[in-house]
Colleague: 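Attaching a single structure in structure tokens format; questions to follow.
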Amino acid sequence: MTPEAKKHISRMSNPFIFWWAMLFKLPSAVFWRLKIKDLSLEKCTVTIPYFWRSQNPFKSIYFAAMAGAAELSTGALCQVGMAGKGSFSMLVVDFRAEYHKKANQKITFVCNQGQELEKLVDELKSGESNTLTMVSTGTNPNGEMVARFFVTWSIKKRS
């Protein structure tokens, strides 16, 4: 793990620093009270509570709020995987979701494709890009799968 990756993990795992960073970069994450519970080179875990800000009229978590939590779990993992390895750009190029159960409790999204991402990042040459579809699975406190999101990131190593 690069020193930059360790620093990034430390910052993103600190609730105060994370809150301020999200307030300026991704305010909807603050509004929905997204929290990074676990972040490492291997996986990222993000939670979203069920309360009035994340709720839709059907008494479940709004699909866009869940999508934001799922994207954060994959994007934070991408940032850690690229930290200290040069300059990169990243962009979501495809997004797909499957909903399996009503989300009316706190939902935990987990993406555990860090090693796959690290391999892709390490193989990129300057000016090259590649894509990776990362899967974030959302479960309720009973361990039941609520939703699964497929986020395809395009990652380019800058010259």
Side-chain angles (χ1 to χ4, degrees), residues 4-5 7-83 88-118 120-121 129-156:
E4 291 85 354
K7 187 176 179 180
H8 189 73
I9 289 170
S10 175
R11 283 190 306 230
M12 293 299 283
S13 299
N14 180 314
F16 183 73
I17 294 172
F18 174 75
W19 188 89
W20 276 103
M22 292 299 103
L23 182 64
F24 293 104
K25 298 289 185 181
L26 191 60
S28 60
V30 172
F31 184 76
W32 291 323
R33 284 198 199 149
L34 303 184
K35 289 186 174 54
I36 292 181
K37 291 295 184 181
D38 181 38
L39 180 58
S40 67
L41 278 175
E42 292 80 32
K43 76 174 189 172
C44 181
T45 304
V46 174
T47 61
I48 181 167
Y50 171 68
F51 74 126
W52 71 270
R53 289 187 200 169
S54 62
Q55 185 176 306
N56 64 27
F58 309 106
K59 303 207 183 303
S60 63
I61 297 177
Y62 182 50
F63 81 94
M66 287 196 293
E71 183 188 1
L72 179 60
S73 72
T74 63
L77 199 54
C78 286
Q79 289 179 328
V80 169
M82 295 182 296
F88 293 87
S89 64
M90 54 191 272
L91 176 68
V92 174
V93 294
D94 192 30
F95 192 88
R96 195 166 55 84
E98 297 173 352
Y99 301 94
H100 300 276
K101 189 167 178 56
K102 192 169 187 170
N104 55 7
Q105 301 174 68
K106 177 162 74 170
I107 305 299
T108 302
F109 284 92
V110 178
C111 179
N112 57 11
Q113 292 176 265
Q115 291 179 342
E116 190 178 346
L117 171 74
E118 189 172 24
L120 179 139
V121 167
S129 66
N130 205 342
T131 60
L132 177 63
T133 300
M134 301 180 78
V135 180
S136 183
T137 304
T139 56
N140 64 20
N142 300 330
E144 301 166 313
M145 182 175 30
V146 172
R148 183 179 293 142
F149 289 82
F150 301 84
V151 184
T152 303
W153 288 96
S154 174
I155 299 171
K156 180 177 182 177

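Position 1 is the first residue of the sequence, and the numbers go up from there.
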Colleague: So, does S13 use its side chain to make a donor-acceptor pair with the main chain of S10 at under 3.5 Å?
Modeller: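 Side chain of S13 to backbone of S10: no pair is present.
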Colleague: Would you call W19 and V30 a side-chain contact if the rule is heavy atoms closer than 4.5 Å?
Modeller: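 Yes, at least one pair of side-chain atoms sits under 4.5 Å.
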Colleague: Would you compute the distance between atom CG of N112 and atom OG1 of T74 and round it to the nearest 0.5 angstrom?
Modeller: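 N112 atom CG to T74 atom OG1 measures 12.0 Å (nearest 0.5 Å).
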Colleague: For A67 and F95, work out which heavy atoms get closest and say how close.
Modeller: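 That closest heavy-atom pairing would be CB-CZ, 3.6 Å.
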Colleague: Show the numbers, then the answer: is there a ring pair (Phe, Tyr, Trp, His ring centres under 6.0 Å) between Y99 and F149?
Modeller: CA-CA 9 Å; Y99 301 94; F149 289 82; 5.7 Å; yes
Colleague: Given side chains that start at C-beta, do those of L91 and V93 come closer than 4.5 Å, heavy atoms only?
Modeller: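 A side-chain contact under 4.5 Å exists here.
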Colleague: With distance as the sole test, does N140 use its side chain to make a donor-acceptor pair with the main-chain N or O of N142 at under 3.5 Å?
Modeller: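 Side chain of N140 to backbone of N142: a pair is present.
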Colleague: If you count every heavy atom of other residues, nucleotides or ligands that lies below 6.0 Å from F63 atom CZ, does the total exceed 12?
Modeller: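 Open.
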Colleague: Parallel, tilted or perpendicular, judged at 30° and 60°: which one describes the rings of F24 and W20?
Modeller: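 Taking W20 first and then F24, their aromatic rings lie parallel (interplane angle under 30°).
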Colleague: Would you find more than 12 non-hydrogen atoms of other residues, nucleotides or ligands less than 6.0 Å from K102 atom NZ?
Modeller: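 It does: K102 NZ has more than 12 such atoms within range.
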Colleague: Using 0.5 Å steps for rounding, measure from the CG atom of L120 to the CE atom of M134.
Modeller: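 Reported to 0.5 Å precision, the distance equals 9.5 Å.
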Colleague: Grab the two heavy atoms, one from K43 and one from D38, that are nearest each other, plus how far apart they are.
Modeller: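 Result for this residue pair: CE-OD2, 2.9 Å.
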Colleague: Could you tell me if the side chain of E4 sits less than 4.5 Å from the side chain of M82, heavy atoms only?
Modeller: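 Result no, sub-4.5 Å side-chain heavy-atom pair not found.
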Colleague: State, to 0.1 Å, how close V151 and E71 come at their nearest heavy-atom pair, and which atoms those are.
Modeller: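 Reported closest heavy-atom pair: CG2-CA, 4.4 Å.
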Colleague: Before giving the answer on side chain to side chain contact (heavy atoms under 4.5 Å, CB included), spell out for E42 and Q115 the whole-Å C-alpha distance, their side-chain angles and the decisive distance to 0.1 Å.
Modeller: CA-CA 6 Å; E42 292 80 32; Q115 291 179 342; 4.1 Å; yes
Colleague: Please report the shortest heavy-atom distance between A76 and C44, naming the atom on each side.
Modeller: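 Shortest heavy-atom separation between A76 and C44 comes out as CB-SG, 4.0 Å.
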Colleague: Which is it for S60 and N56 under the side chain to side chain donor-acceptor pair (under 3.5 Å) test, yes or no, and what are the steps along the way?
Modeller: CA-CA 6 Å; S60 63; N56 64 27; 3.1 Å; yes
Colleague: Is there a side chain to side chain contact (heavy atoms under 4.5 Å, CB included) between T137 and V110 once you walk through the steps?
Modeller: CA-CA 5 Å; T137 304; V110 178; 5.7 Å; no
Colleague: Between atom CD1 of I107 and atom CG of L34, what is the distance when rounded to the nearest 0.5 Å?
Modeller: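 The distance works out to 12.5 Å.
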Colleague: Could you grab the distance from atom CH2 of W153 to atom CD of Q113, nearest 0.5 Å is fine?
Modeller: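 Reported value, rounded in 0.5 Å steps: 13.0 Å.
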Colleague: Could you pull out the closest heavy-atom pair between W32 and P49, with the gap in Å?
Modeller: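 Minimum heavy-atom separation between W32 and P49: O-CD, 3.4 Å.
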Colleague: When rounded to the nearest 0.5 angstrom, what is the spacing between CD in Q79 and CD1 in I9?
Modeller: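 Reported value, rounded in 0.5 Å steps: 11.5 Å.
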Colleague: Can you list the steps and then say if K37 with T108 is a side chain to side chain contact (heavy atoms under 4.5 Å, CB included)?
Modeller: CA-CA 9 Å; K37 291 295 184 181; T108 302; over 6 Å; no
Colleague: Please confirm whether the backbone N or O of I61 pairs with a side-chain atom of S54, one donor and one acceptor, at under 3.5 Å?
Modeller: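 Absent.
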Colleague: Please indicate whether E144 has more than 12 foreign heavy atoms, meaning atoms of other residues, nucleotides or ligands, lying under 6.0 Å from its CD.
Modeller: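 Counting other residues, nucleotides and ligands, CD of E144 exceeds 12 neighbours.
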Colleague: How long is the gap from CG on N104 to CZ on F58, to the nearest 0.5 Å?
Modeller: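 If I round to the nearest 0.5 Å, the distance is 14.5 Å.
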Colleague: What are the two closest heavy atoms between T133 and T152, and how far apart are they?
Modeller: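 Where T133 meets T152 most closely, the heavy atoms are OG1-OG1, 2.8 Å.
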Colleague: Quick check: do N130 and I155 have side-chain heavy atoms less than 4.5 Å from each other?
Modeller: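 They are not in contact (no side-chain heavy atoms under 4.5 Å apart), so the answer is no.
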